[in-house]
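Below, chains carry the letters A, B, ... as their sequence lines are ordered, and counting in each starts from 1. Just so it is clear, the structure is predicted and the values come from calculations on it, not from any experiment.
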Amino acid sequence: MERYNPKKIEKKWQDRWEKEGAFGVRDESKKPKYYVLDMFPYPSGQGLHMGHIENFTATDILARYKRMCGFSVLHPMGWDAFGLPAENYAIKTGIPPQETTSTAIHNFRRQIQAMGLSYDWEREVGTQTPEYYRWTQWLFLVLYKNGLAYKKEAKVNWDPVDNTVLANEQVLPDGTAERSGAKVIQKDLEQWFFKITDFVQELVCDLDTVDWPQSTVQNQRNWIGRSEGSEIEFEFDGFDGGVRVFTTRADTLMGATYIVFSPEHPQLQEIKNKIKNWKEVESYIQEARNKTDRDRISEKGEKTGVVLDGVSVKHPLKDETLPVFVADFVLSHYGTGAIMAVPAHDERDWEFATKYGLNINRVIVPEDGSVISPDTPYLTEGVLTYSGEFDGMTSAEAKEAITKKAKGALKVSYRLRDWLISRQRYWGCPIPIVYDPDGNPHPIPDEHLPWLLPDDVEFVPHGTSPLAQSKELQERTERIFGKGYRCEVDTMDTFVDSSWYFFRFLDPHNDTEFADKQRIAHWMPVDLYMGGAEHTVLHLLYARFFTKALQTLGYLDFGEPFAKLRHQGIVLGEDHNKMSKSKGNIVNPDVVVDAYGADTTRMYTMFLGALEDTKPWNSENIIGVHRFLGRVWGVVDVFLSQKDAQQTVGDDVLRVQHRAIKKVRNDIESLRYNTAISALMEYVNVLLKHPYSVEQVRVLLVLLAPFAPHITEELWERIGEKESIHSQPFCKYDESYLVFDSATIVVQVNGKVRGTITMPLDADKEATQQEAIKHSNVKKYLENKKDIDTIFVPNTLINFVF
RNA sequence: GCCGUGGUGGCGGAAUUGGUAUACGCAGCGGACUUAAAAUCCGUGCCCGAAAGGGAUGGGAGUUCGAGUCUCCCCCGCGGCACCA
């Protein structure tokens, strides 16, 4: 038989699998289901990167394994195809995004097929197709009709380079846009929002019910930012009404010395005739409005504010009045938009109080009675002092007691805000809303969906949405709805497209529903979802929100879409840095596949290290996996040439064989592919040194099939099998081969290893001890020793201690 | 600053409940085959030491007969959040 040459076999099998539709779902009803899903890629012009290869290979191994274990496996692939890069490219070159996207998708599909990935191509979806976005629009309208999508004027993040509004999530901590890198500015615009905050409780609680990486759950929690506290009212002194504040430290109420409004607080307008210095206050508010949240902080931490002249409030539990300020360090969108300041126990309030010469009343001391510095705020909880009847209480006790006494209420606040989905861009899903001549919004009726994206637009941005220039769109709108109607010209954030695609895969060609109810009931939730950790906040939060919204509206009977989630780690360049064009360390999958074949590329990517770890690529190490496949080829070659000779297979070989089966099974189930591959290597190393027969060859090929689908299919055929190896049942192990009749026991003296002995299985302490002291290297340490204790662990270890 | 996560040979990395640290692979070294090279195969393989032995899992302490694994303190890397009261 000739040498192993992947070029000669991989294409052959890929073509055959495609022709036979080998990986479509069959037998949906009889077998247990398994839905294994990849985060679908944005089809960029660069083609697949190593992260995709790692991601897709990992799920492919599991999909193939589950099929062999008798599951009906749903394993689809699609394209998150709307988005800025294609549009920006169009602005530069004039080539329409439709064209570049279609080219990119072709290239992605070619690369994916060259990897031998077992997707069900019948179910391919692309978010940019009218068949798909028709249902994105339907989803928008469902939310709209149920009050979960609304339009309001809002201060929004405006990206002056991409000429679009951004979600908070798309603005980096330094105040620049994630995409363009431009400094984001503030602008007041009418925008569409989804009411994700309606589901905030479930979004937090249900995190307890999913099998997700700890860090991802934690990131979601951080983002949602739940905190328990109290709402307490401070009445105005001399006129009706009061200021409600939110605090998590009600225990410090007796130390509150002033009140601060955020500049956007609506109550300021209501009481403006009481404010003697309104002019000054108003100009401060105006100034603050022009700043981003980021700007407000980054001014070297220096806090600014203006006192409200003529306004003060009564302390709810003390006979005191407190001054009131407006200051932009207080956020309008969190809590009640106003705070009680306790400078003795809050860094920000301390800073502000120091600057403006305000009172600082310490009311908490450490529980252990230690002395604290008078020059800094004391931030930790402790015991109350100077708090009248509450003195001596701990912070925890006082929070409730003080809230009650002050006629406040316990309250939970969240950091999460509603999701702004309007984008002033072309290459996205049109928002299916028309405005009548009076400017009132109306949903576009179902019969006009999909509401098509026009193609008579220029791509160069003008600061308005590109759709506004489309003659066809305006004519269409007036033809259908009447003279004077105009339609919404913003498109949706592409995260909307990608937040429900996992439903569409269940029923991609359905033109009456987003997906058939029975199919949803059958396949959901996703059993394993795999993708990059960069989506731990946005995509996953939005997908969970949609699922919960659809559940509430009766379309689903579950609230969490992804039962189990895992992230593949980042594949670094050979220099241990993140792959990037500028570093010139990008490993191109096409080049690797061309050099070694898909099977080697798949296996090496999995052999790099633990799936979830960040690990560097190494172009020298890959040869090891390639050699391994060459040896597998050799094992079969030897078998074929000696087929007629009678081979006696030793028990040692059988034991290794069954151990390998068990290890490979367990490791695949727990996604530890690197060690599964090691086990296969050990098995092959043993076969190369001992006689084996057809059984060992079959086991080897079946175990290896999920990892290296081409070579195993080829060799399976060569040993005379007629059916595809990928429809064979996966190997089972026989426990009796894993039980040994003797055990190697480690002999230690004072905890140091001095030798090993072999004992019958389950030998008792007495027998083991007697055998151990005969060991020459042990004997010399035990001579002339008295009071020897013996620690004995059956079948494992004996330790002499003195 | 807060939350999470990680630190093991020259390199990538293994190590069920605490029980022979370094599996598997790369590179290295020695050898076989070959006119030669490539490819392939066999052997070797943490450090110090001639050996006996001793020392090693970021650093330091502790629990234990026994610690990569458990506890505490510190250092460093990575990810997230950060004026959220």
Side-chain angles (χ1 to χ4, degrees), chain A residues 3 173 213-223 225-227 229 245-250 252 260 262 293-294 296-298 301 303 327-331 333-336 338-342 345-349 351-352 379 413-417 533-534 536-537 567 569-570 572 574 576 578 604 607-610 612-628 630-631 634 666 672 674-682 684-685 688-689 744-756 777 780 788-793 795-802:
Chain A
R3 303 192 73 84
Q214 163 83 13
S215 57
T216 304
V217 169
Q218 204 53 44
N219 286 166
Q220 294 249 321
R221 285 224 166 87
N222 284 346
W223 188 260
R226 180 182 196 276
S227 51
V245 303
F246 175 78
T247 178
T248 55
R249 292 297 302 276
T252 64
V260 190
S262 65
D293 289 356
R294 205 14 69 173
R296 293 183 182 187
I297 312 167
S298 58
K303 295 192 179 0
D328 68 6
F329 78 88
V330 177
L331 305 172
H333 49 75
Y334 184 75
T336 62
I339 61 153
M340 66 174 206
V342 189
H345 303 291
D346 183 283
E347 241 169 354
R348 301 150 297 184
D349 300 346
E351 194 192 317
F352 193 80
L379 305 176
S413 278
Y414 298 92
R415 199 188 84 104
L416 185 71
R417 295 201 260 165
E534 66 274 22
T536 55
V537 175
H567 305 296
I570 298 165
L572 302 174
E574 294 205 52
H576 288 49
K578 235 179 192 164
Y604 180 59
F607 190 62
L608 279 174
E612 309 205 18
D613 285 359
T614 299
K615 57 239 161 206
W617 184 266
N618 184 308
S619 58
E620 289 186 341
N621 286 3
I622 191 171
I623 192 71
V625 170
H626 194 63
R627 282 181 194 146
F628 164 71
R631 286 197 289 269
N666 289 345
R672 291 185 308 209
N674 52 334
T675 49
I677 292 169
S678 299
L680 286 164
M681 287 173 168
E682 286 177 85
V684 167
N685 290 344
L688 288 169
K689 287 178 188 157
T744 302
I745 291 177
V746 176
V747 184
Q748 297 183 339
V749 177
N750 282 330
K752 288 203 187 299
V753 178
R754 298 299 176 189
T756 60
N777 196 38
K780 66 182 184 194
I788 298 176
D789 277 340
T790 311
I791 312 281
F792 176 64
V793 184
N795 300 320
T796 307
L797 168 140
I798 187 158
N799 187 7
F800 297 104
V801 185
F802 48 86

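Both tests do not hold together for A:Lys303 against A:Phe352: distance to the six-membered ring centre under 6.0 Å, angle to the ring axis within 45°.
In the set B:G53, B:C42, B:A85, B:G53 carries the atom at the smallest distance from any side-chain atom of A:Arg754. When distances run from any side-chain atom of A:Met681 to the nucleotides B:G4, B:C81, B:C24, the shortest one goes to B:C24. Proximity note for A:Thr247 (side chain, C-beta onward) versus B:C26, B:G4, B:A85: the nearest is B:A85. Among the nucleotides B:C65, B:G25, B:U5, the one closest to the side chain of A:Asn685 is B:G25. The side chain of A:Val793 lies closest to B:G19, out of B:G19, B:C42, B:C26. Between B:G80, B:G19, B:G25, one nucleotide has an atom nearer to the side chain of A:Asn222 than all others, and that is B:G80. For A:Thr248, the side-chain atoms get nearest to B:A85 when compared with the rest of B:U5, B:U20, B:A85. Of the candidates B:G80, B:C65, B:U20, B:G80 carries the atom nearest the A:Asn219 side chain, counting heavy atoms from C-beta on. Which of B:A85, B:C26, B:G19 sits closest to the side chain of A:Thr796 comes down to B:G19.
The separation of B:C47 from B:A39, taken at their P atoms, amounts to 26 Å, rounded to a whole angstrom. When the C1' atom is compared between B:A61 and B:C11, the two are found 32 Å apart, to the nearest whole Å. For B:A67 and B:G19, the P atoms lie 11 Å apart once the distance is rounded to whole Å. Across the C1' atoms, B:G66 and B:A52 are found 24 Å apart, a figure rounded to whole Å. If you take atom C1' in B:C2 and the same atom in B:A85, they sit 15 Å apart, rounded to whole Å.
Syn is the classification of B:G9, since its glycosidic angle stays within 90° of 0.
Side-chain to base pairing of A:Gln748 with B:G19: one donor and one acceptor N or O lie within less than 3.5 Å of each other.
With a cut-off of 3.5 Å on both Watson-Crick or G-U wobble distances, the partner of B:A56 is given as none. The base-pairing partner of B:C81, taking Watson-Crick or G-U wobble contacts with both distances under 3.5 Å, is B:G1. Nucleotide B:A38 has no partner under the Watson-Crick or G-U criteria, as no pair reaches both atom distances under 3.5 Å. In this structure, B:A61 forms a base pair with B:U71, meeting either the Watson-Crick or the G-U wobble geometry with both donor-acceptor distances under 3.5 Å. Pairing for B:A21 is absent, judged as Watson-Crick or G-U wobble with the two contacts each under 3.5 Å. Using the Watson-Crick or G-U wobble rule with both distances under 3.5 Å, B:C29 pairs with B:G43.
Rounded to whole Å, the distance from CZ on A:Phe802 to C1' on B:G66 is 15 Å. Atoms CG (A:Asn795) and P (B:U20) sit 14 Å apart, rounded to a whole Å. If you take CG of A:Leu797 and C1' of B:A21, they are 15 Å apart, rounded to a whole angstrom.
Distances shown here put every side-chain N or O of A:Arg627 at or beyond 4.0 Å from the OP1 or OP2 atom of B:C41. In this model, the phosphate group of B:A85 is not approached by any side-chain N or O of A:Lys303 to a distance below 4.0 Å at OP1 or OP2. Using a 4.0 Å cut-off, no side-chain N or O of A:Thr536 falls inside it from OP1 or OP2 of B:G79.
Contacts of A:Arg221 with the nucleic acid, taken as non-hydrogen atoms under 4.0 Å apart, are absent. As judged by a 4.0 angstrom heavy-atom cut-off over every strand, A:Asn799 is placed among the base-contacting residues. Using a 4.0 Å heavy-atom criterion, one finds that A:Val342 contacts no nucleic acid atom at all. Within the nucleic acid shown, A:Ile623 comes within 4.0 Å of sugar-phosphate atoms alone, with no base atom in reach, counting heavy atoms only.
At least one side-chain heavy atom of A:Trp223 sits under 4.5 Å from a side-chain heavy atom of A:Leu416.
At a cut-off of 3.5 Å, with distance as the only test, no side-chain donor of A:Thr536 or A:Gln220 sits close to an acceptor on the other residue. In summary, the side chains of A:Ser619 and A:Tyr604 do not present any donor paired with an acceptor at a separation below 3.5 Å, with no hydrogens or angles considered.
Applying the side-chain contact (heavy atoms from CB on, under 4.5 Å) test between A:Thr744 and each of A:Thr756, A:Asn795, A:Leu797 identifies A:Thr756 as the sole match.
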Please enumerate all protein N or O atoms sitting under 3.5 Å from an N or O of nucleotides 11-17 of chain B, with distances to 0.1 Å.
from, atom 1, to, atom 2, distance (Å)
B:G12, O2', A:Leu608, O, 2.8
B:A14, OP1, A:Ala610, N, 3.4
B:A14, OP1, A:Asn674, ND2, 2.9

